[in-house]
Amino acid sequence: IAFVHDVLFRMRPEWFSLRVRGLLGTLVPLSIRRAAAVVTVSQTSKADLVSAFGIDPDRVQVISNVPAPAFSPHPDAAARVRDRFGLDRYCLFVGDIHPRKNLTALANAIVRLGDPDLTLAVVGRAGHQGAAILSETRSRWLGPMGDSDLADLYSAAAVTAYPSLYEGFGLPVVEAMACGSPVVASNRGAIPE
């Protein structure tokens with residue numbers, strides 16, 4: 001069984017480094033051809049797989065992601081977030097720092113709100129062009145985070161924003177909702193699912 005989250009490397013190659021495009025462009029088609037079945041995480045990703053690789057739709061099964069048990073409302077999260085990260089009122093973004101995540105647009109929207117007390121807090125690792133994107137956002141980058149701290153950050157956030165240009169699923173949206181965070185997300189790719 002081949003498990004494929006998405007085929008964005010094929011649909012939007014400019015979002016990926018040459019190395020990643022080459023690696024995925026070789027391994028994913030080979031894995032799909034050899035597999036008895038293919039599993040993906042959304043109806044959107046299934047349609048993309050069928051379109052990109054000409055797979056028989058009957059060979060592709062959708063099994064959606066679910067949040068880990070740690071992702072639930074944490075009533076005392078605000079105090080822990082203040083103590084650990086020095087954050088009081090913030091918009092949370094969770095995901096790899098990558099061009100398709102549209103983080104620069106989010107940062108610009110927050111500036112346009114004109115609220116000096118609202119901080120953009122970013123959780124994730126710097127991916128393709130990540131350092132350049134972070135330098136443009138005037139955000140507070142917290143780096144990668146474990147589930148317990150991340151659940152606290154979701155629970156205490158004024159809002160979680162996920163303005164991605166395209167997703168095969170969008171797990172941070174589901175995690176944030178499981179923690180009771182208000183969510184503002186784009187309507188692209190699988191996010192509406």
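Along the sequence shown, residues are numbered consecutively beginning with 1.
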- Task: Decide yes or no on side-chain contact (heavy atoms from CB on, under 4.5 Å) for Val28 and Ile32, but give the supporting numbers first.
- Result: CA-CA 6 Å; Val28 172; Ile32 289 171; 3.6 Å; yes
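In this structure the side chain of Asn108 reaches within 4.5 angstrom of the side chain of Arg138, judged on heavy atoms. Looking at heavy atoms from C-beta onward, Leu142 lies in side-chain contact with Leu153 at the 4.5 angstrom threshold. Ile97 has its side chain within reach of Trp141: a pair of non-hydrogen atoms, C-beta onward, lies under 4.5 Å apart. In this structure the side chain of Val41 never reaches within 4.5 angstrom of the side chain of Val62, judged on heavy atoms. Using a 4.5 Å cut-off on side-chain heavy atoms (C-beta onward), Trp15 and Leu165 make contact. At least one side-chain heavy atom of Leu134 sits under 4.5 Å from a side-chain heavy atom of Ser139. Contact of the Val66 side chain with the Val174 side chain is not registered, since no non-hydrogen atoms from C-beta on lie closer than 4.5 Å. Residues Ile133 and Thr137 meet the side-chain proximity criterion, which asks for heavy atoms closer than 4.5 Å.
Classification of the Phe71-Tyr154 ring pair by plane angle, with boundaries at 30° and 60°, yields perpendicular.
Hydrophobic clustering, with ILVMFWY side chains joined whenever heavy atoms are under 4.5 angstrom apart, groups Leu103 together with Val183. Hydrophobic clustering (ILVMFWY, side-chain heavy atoms < 4.5 Å, transitive): Leu106 and Tyr162 are in one cluster. Note: the hydrophobic cluster containing Val81 also contains Met145 (ILVMFWY, side chain heavy atoms under 4.5 Å, direct or indirect links). No continuous path of ILVMFWY side-chain contacts below 4.5 Å connects Leu92 to Val173, so the two sit in separate hydrophobic clusters. Linking ILVMFWY side-chain heavy atoms closer than 4.5 Å, directly or via other members, places Ile191 and Leu8 in two distinct hydrophobic clusters.
A donor-acceptor pair is defined here as one N or O able to donate and one able to accept, closer than 3.5 Å; such a pair exists between the side chain of Ser31 and the backbone of Leu27. At least one donor-acceptor pair under 3.5 Å links the side chain of Thr40 to the backbone N or O of Val4. Using a distance-only test at 3.5 Å, with no hydrogens or angles considered, a donor-acceptor pair links the side chain of Ser155 to the main chain of Ala151. Checked by atom type and distance alone, the side chain of Gln61 never pairs as donor or acceptor with a backbone atom of Ala37 at under 3.5 Å. Looking only at distances, no side-chain donor or acceptor of Thr119 sits under 3.5 Å from a matching main-chain atom of Tyr90. Distance alone, capped at 3.5 Å, places no donor-acceptor pair between the His74 side chain and the Cys179 backbone. In this structure, Asp6 contributes its side chain and Ser45 its backbone to no donor-acceptor pair below 3.5 Å. With Ser186 contributing its side chain and Ser164 its backbone, the two residues share a donor-acceptor pair below 3.5 Å. Between the side chain of Arg140 and the main chain of Phe85, a donor-acceptor pair closer than 3.5 Å is present. Side-chain N or O atoms of Lys101 include none that pairs as donor or acceptor with a backbone N or O of Pro163 at under 3.5 Å.
Of all the heavy atoms in Ser72 and Pro69, the pair that sits closest is OG-O, 4.3 Å. Residues Pro57 and Val50 come closest through the heavy atom pair CA-CG2, 3.9 Å. Among all heavy-atom pairs drawn from Asp88 and Arg82, the shortest one is OD1-NE, 2.5 Å. When all heavy atoms of Pro73 and Gly180 are compared, the pair lying nearest together is CG-N, 4.4 Å. The minimum heavy-atom distance between Leu118 and Ala158, with the atom names listed, is CD1-CB, 4.5 Å. When all heavy atoms of Thr44 and Ala190 are compared, the pair lying nearest together is OG1-CA, 3.5 Å.
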Considering only distance and modelled atom types, tabulate donor-acceptor pairs under 3.5 Å from the side chains of residues 16-24, sequence neighbours left out.
| unit_1 | atom_1 | unit_2 | atom_2 | d |
| --- | --- | --- | --- | --- |
| Ser17 | OG | Val20 | N | 3.2 |
| Arg21 | NH1 | Pro13 | O | 2.9 |
| Arg21 | NH1 | Phe16 | O | 2.9 |

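For the atom pair CE of Met177 and OG1 of Thr160, the computed distance is 10.5 Å after rounding to the nearest 0.5 Å. A distance of 7.0 Å separates OG in Ser148 from CZ in Arg80, rounded to the nearest 0.5 Å. Within the model, atoms CZ of Phe53 and CZ of Arg59 stand 11.5 Å from one another, a figure rounded to the nearest 0.5 Å. Taken from CG in Asn65 to OG in Ser42, the straight-line distance is 9.0 Å, to the nearest 0.5 Å. Atom CD1 of Ile110 sits about 4.0 Å away from atom SG of Cys91, to the nearest 0.5 Å.
Within 6.0 Å of the CG atom in Leu113, the count of heavy atoms belonging to other residues, nucleotides or ligands exceeds 12.
Paired with Glu167 under the rule side chain to side chain donor-acceptor pair (under 3.5 Å), one option of Arg188, His5, Arg100 passes, and it is Arg100.
Among residues at least two apart or in separate chains, salt bridge (charged side-chain N to carboxylate O under 4.0 Å, His left out) pairs with a member in residues 107-136 are Arg89-Asp115, Asp96-Arg125.
Between the side chains of Tyr166 and Asp48, at least one donor N or O lies within less than 3.5 Å of an accepting N or O.
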